[in-house]
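Here the structure is a predicted model, which is why all the values come from computation and not from measurement. In this chain, numbering begins with 1 at the start of the sequence shown.
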Amino acid sequence: MAIAQHIPAQTSSKLSQRDYARLNALVVEDAKDMASLLRGFLRELGVKNIWSVGTGEDAFEILSKHKIDIAIIDDLLPPLDGLSVVRAVRSADDKKLAPIPVVYVTHQRTQESIINARDAGVTEILCKPYSFQQLVTRMETAILKPREMIRSEKFVGPDRRRRRGDAPTERRRSADKPEVEADKFEVE
């Protein structure tokens with residue numbers, strides 16, 4: 001596959017190839033080229049079980065039938081946008097769904113959109129455009145540094161507060177920095 005040529009052979013992965021091979025990943029992306037790119041990245045990491053869908057409704061069908069270890073969810077187009085999918089997963093009656101690590105991929109870089117994603121219950125946020133290493137970093141942070149699940153009247157999701165050192169550390173070059181970087185945003 002041509003995509004593999006653009007992926008660095010060495011990553012600073014903390015998960016082994018064997019660990020990645022055991023993962024069941026769900027990609028929820030409505031743009032076919034981006035979905036293909038994400039599947040290529042996951043295959044390069046060694047992930048063997050990848051479900052890829054283009055709508056929130058299809059995501060729930062996969063989630064109801066399969067054990068998913070990590071979900072990568074895009075903004076998605078209405079009627080069921082990406083944050084609505086995350087909120088529904090977090091508030092599901094099925095207690096196996098709520099703790100699924102969710103890497104939310106968005107083109108929105110404003111502080112408001114990042115706060116909205118955090119408040120919806122995403123585990124990690126990844127702003128487009130992103131690199132292979134940034135995806136790896138977000139996935140590994142979500143899997144290896146799980147935060148306690150909080151369930152209250154107004155919020156269900158991973159604890160929005162981070163301990164120092166829990167945030168992903170992969171940074172963009174200074175010239176590429178967006179208005180607000182999702183991985184810098186912390187609530188104490």
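- Checked by atom type, the side-chain pair Asp33/Ser36 shows no donor-acceptor distance below 3.5 Å.
- Annotation for Leu83 and Ala120: closest pair CD2-CB, 3.8 Å, computed over non-hydrogen atoms.
- Side-chain atoms of Glu44 and Tyr20 form no donor-acceptor pair, as typed in the model, at a separation below 3.5 Å.
- Contact check on Lys128 versus Asp74 returns a salt bridge, with a Lys/Arg side-chain nitrogen under 4.0 Å from an Asp/Glu carboxylate oxygen.
- Counting all heavy atoms, side chain and backbone alike, Arg90 lies closest to Pro99 at NH1-C, 3.9 Å.
- At a threshold of 4.5 Å between side-chain heavy atoms, the hydrophobic network of Ile, Leu, Val, Met, Phe, Trp and Tyr places Met149 and Ile100 in two separate groups.
- Heavy-atom minimum distance, Ala25 versus Leu42: CB-CD1, 4.0 Å.
- For the atom pair NZ (Lys14) and CG (Asp19), the distance works out to 13.0 Å, reported to the nearest 0.5 Å.
- Applying the ring pair (Phe, Tyr, Trp, His ring centres under 6.0 Å) definition to pairs two or more places apart or across chains, none involves residues 81-115.
- Residues Leu77 and Ile72 do not share a hydrophobic cluster, clusters being chains of Ile/Leu/Val/Met/Phe/Trp/Tyr side chains in contact below 4.5 Å.
- Every residue was checked against the side-chain hydrogen bond (donor to acceptor under 3.5 Å, both in side chains) condition with Ser91, not counting sequence neighbours, and none meets it.
- Under the 4.5 Å side-chain heavy-atom criterion for ILVMFWY residues, a single connected hydrophobic cluster contains both Met139 and Tyr130.
- When the ring-ring contact (aromatic ring centres under 6.0 Å, His included) test is applied to His66, the partners found at least two apart in sequence or on another chain are Trp51.
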